[in-house]
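What follows is a short report on a single structure.
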Amino acid sequence: MTLDQKRRHLLTGSEQKGRRTWRTGQTFENVAVMTMLRPDAEVFWADSLKFGNRNEVIDLENLLLITATFRSSDPRDKVFSLTGIARNAGDPELIIPDYSLPVEQVFQNTAQCVFSFPQDRQTVHILALAGTGFCERPLKMPSWVPDFSEERICHPYVSILDRKTNFKASGDLPQDIQLDLYTSSLWIKAIVIDRVLDISENGALSWGLRNLELADVFELLPKLHKFVHAAIALCEKYRESVAVPDQRTSERLWWTLIAGRIERKPADAKFKEVFQFWLRGLDLIVISDGRDDYNKRALESGLAAYPGGEPLDATYQYSVMEACYGRRIAITESGRLCIVPPLTRVGDSIFIPHGAQTPFLVRKPHSYLDTAGYELIGETWVEGAMYGEMVGSADEEVIRLS
């Protein structure tokens, strides 16, 4: 579903030399999703091992996930527009749109419906759309209820489409979720693995552009340079790791910046060298006096093109932006590097719900009541925890999200 890096520039071009029309990644993904959902889109379902059963994709919880970045003039249509085409939509009240209900009530009803489905529906991945860590939530809802009107600038890490490359943080543990309507809580069986120790001083990676705004890539890359060097500074601050004692933290940064994947496929070790080449190119940009000066310096220093002819540095850069855009770099108490939502705080706990593809961050709210539930912050990528490595080595708990 990703776009080949050789063709991406064709979709972002403009008539002005050196400038591109900025479109969020969602623009391209949404076109692919709409094409895929067409009744005659057999080509997307030819490889059943890769994409799975089309009927599963049009279950309500999966439709909500793959259309999360779509927009609508009325936020309630983010739900009502799907119930008519969803298989097993559940609650009859959702199927008949009721525009007299406030937005937050529609969203909460939807989440309650989804988490009331049988456990084998694997609805836990919907939590990737929830949490308070990506932006301030104006709607008064529990933290586990997705705000489908939220315009995030990054895609979730979870996926229901490509089974071959999905993360599998909880291994083969079955989902175990209980909905408590009386307290508007969600009880989740999970393993708690770590806590956030420190966060990169640079904020979330962002260009600060509006969709369709013209942008000069040469002017944007210094922001990426600043983001990466702030991550390097964090690695230098915590050079040693309890979790990975045989390797310096900085030596693992290349892997973290791409979330262990190149264009959503497991990363090859050769990209460790590609990272060094790419980083030298970024360093050259910030010391150059304009584009012409950079081109001259790059040619003289051998940085004009990656050795071997393949544009691997460009491939690496696209993968960094896909993994980190809209997020921050952090490190845990055990020394694991992680990619976290922008509003993450030091001390947030990392847990892996049973049945989940990815870990999540939770926060214990300040309360004099010991019975107060946790606040869901959001989905995260954690080094050494994305493919079931932590299953069996961490304590299991039942987490209450409120």
Residues Thr332 and Asp194: side-chain donor-acceptor under 3.5 angstrom: yes
CD1 (Ile153) and CZ (Arg327) are apart, to the nearest 0.5 Å, by 9.5 Å
All N/O donor-acceptor pairs, side-chain side in residues 127-149, below 3.5 Å, sequence neighbours left out:
from	atom 1	to	atom 2	distance (Å)
Thr132	OG1	Glu375	OE2	2.5
Arg137	NH1	Val145	O	2.9
Arg137	NH2	Pro142	O	2.8
Arg137	NH2	Val145	O	3.2
Ser143	OG	Leu376	N	2.9
Ser143	OG	Ser402	O	2.6
Trp144	NE1	Ser184	O	3.1
Asp147	OD1	Ser149	N	3.0
Asp147	OD1	Ser149	OG	2.5

Value rounded to 0.5 Å, distance of CD1 in Ile177 from OG1 in Thr123: 4.5 Å
Kindly determine whether Leu179 and Leu186 satisfy side chain to side chain contact (heavy atoms under 4.5 Å, CB included), including the steps that lead there. CA-CA 5 Å; Leu179 178 63; Leu186 200 65; 3.9 Å; yes
Set of residues satisfying side chain to side chain contact (heavy atoms under 4.5 Å, CB included) with respect to Glu397, sequence neighbours excluded: Val192, Ile399
Side-chain touch Arg280/Ser301, heavy atoms, less than 4.5 angstrom: no
Tell me whether the count of non-hydrogen atoms from other residues, nucleotides or ligands lying under 6.0 Å of CG in Asp395 goes above 12. no
Could you check whether any side-chain N or O of Asp348 sits under 3.5 Å from a backbone N or O of Arg345, counting only pairs where one atom can act as donor and the other as acceptor? yes
Throw together a table of side-chain donor-acceptor distances under 3.5 angstrom for residues 349-362, partners on residues two or more places apart or in other chains.
from	atom 1	to	atom 2	distance (Å)
Gln357	OE1	Ser159	N	3.0
Gln357	NE2	Ser159	O	2.7
Thr358	OG1	Glu379	OE2	3.2

Those residues at least two apart in sequence (or on a different chain) that pass side chain to side chain donor-acceptor pair (under 3.5 Å) with Lys272 are none
Near Glu273 CD, under 6.0 Å, is it more than 12 heavy atoms from other residues, nucleotides or ligands? no
I need the minimum non-hydrogen distance between Pro341 and Arg328, along with the two atoms involved. O-CD, 4.3 Å
Working to the nearest 0.5 Å, report the span between CG of Leu257 and CZ of Phe227. 6.5 Å
Residue pairs, two or more places apart or on separate chains, that pass salt bridge (Lys or Arg N to Asp or Glu O under 4.0 Å) and touch residues 221-237: Asp198-Lys237, Glu236-Arg239
Could you measure the distance from the OG1 atom of Thr110 to the CD atom of Glu61? Nearest 0.5 Å is fine. 12.0 Å
For Asp268, all residues meeting side chain to side chain contact (heavy atoms under 4.5 Å, CB included), sequence neighbours excluded: Lys270, Phe271
Would you check if Phe167 and Val158 make a side-chain contact, meaning some heavy-atom pair closer than 4.5 Å? no
Within the 3.5 Å criterion, strictly below it, is a donor on Trp278 or Gln317 matched to an acceptor on the partner's side chain? yes
Least distance between heavy atoms, Thr256 atom then Cys338 atom: CG2-N, 4.5 Å
Heavy-atom closest pair (Tyr238 atom, Thr249 atom, distance to 0.1 Å) is O-OG1, 2.6 Å
Could you grab the distance from atom SG of Cys324 to atom CD1 of Ile258, nearest 0.5 Å is fine? 9.5 Å
Quick one, Ile287 and Arg297 - any side-chain contact, counting heavy atoms below 4.5 Å? yes
Verdict with reasoning, Trp207 to Tyr325, per ring-ring contact (aromatic ring centres under 6.0 Å, His included): CA-CA 9 Å; Trp207 306 140; Tyr325 197 71; 5.8 Å; yes
Under 3.5 Å, is there a donor-acceptor pair linking the side chains of Gln105 and Asn109? yes
Which atoms form the tightest heavy-atom contact between Leu343 and Arg363, and what is the distance? O-NH2, 3.2 Å
Roughly how far, to the nearest 0.5 Å, is OG of Ser170 from CE of Met386? 10.5 Å
I'd like to know whether CD of Glu201 has more than 12 heavy-atom contacts from other residues, nucleotides or ligands below 6.0 angstrom. no
With side chains defined as the heavy atoms from C-beta onward, is the minimum distance between Asp180 and Arg400 less than 4.5 Å? no
I'd like to check Ile285 versus Pro222 (side-chain heavy atoms, cut-off strictly below 4.5 Å). Are they in contact? yes
Of all heavy-atom pairs between Thr380 and Ile339, which one has the smallest distance, and what is that distance? OG1-O, 2.7 Å
Mind checking whether Tyr316 and Phe275 have parallel, tilted or perpendicular rings, split at 30° and 60°? tilted
Do Trp254 and Leu279 make a side-chain contact, defined as non-hydrogen atoms from C-beta onward lying under 4.5 Å apart? no
Nearest atoms (heavy-atom pairs only) where Gly326 meets Ala204: C-CB, 3.8 Å
Asp74: which of Arg76, Arg71, Lys78 passes salt bridge (charged side-chain N to carboxylate O under 4.0 Å, His left out): Arg76
Within 45 degrees of the axis of the six-membered ring of Tyr374 and under 6.0 Å from its centre: does Lys364 put its NZ or CZ there? yes
Judged by modelled atom types alone, do His229 and Asn202 share a side-chain donor-acceptor pair under 3.5 Å? no
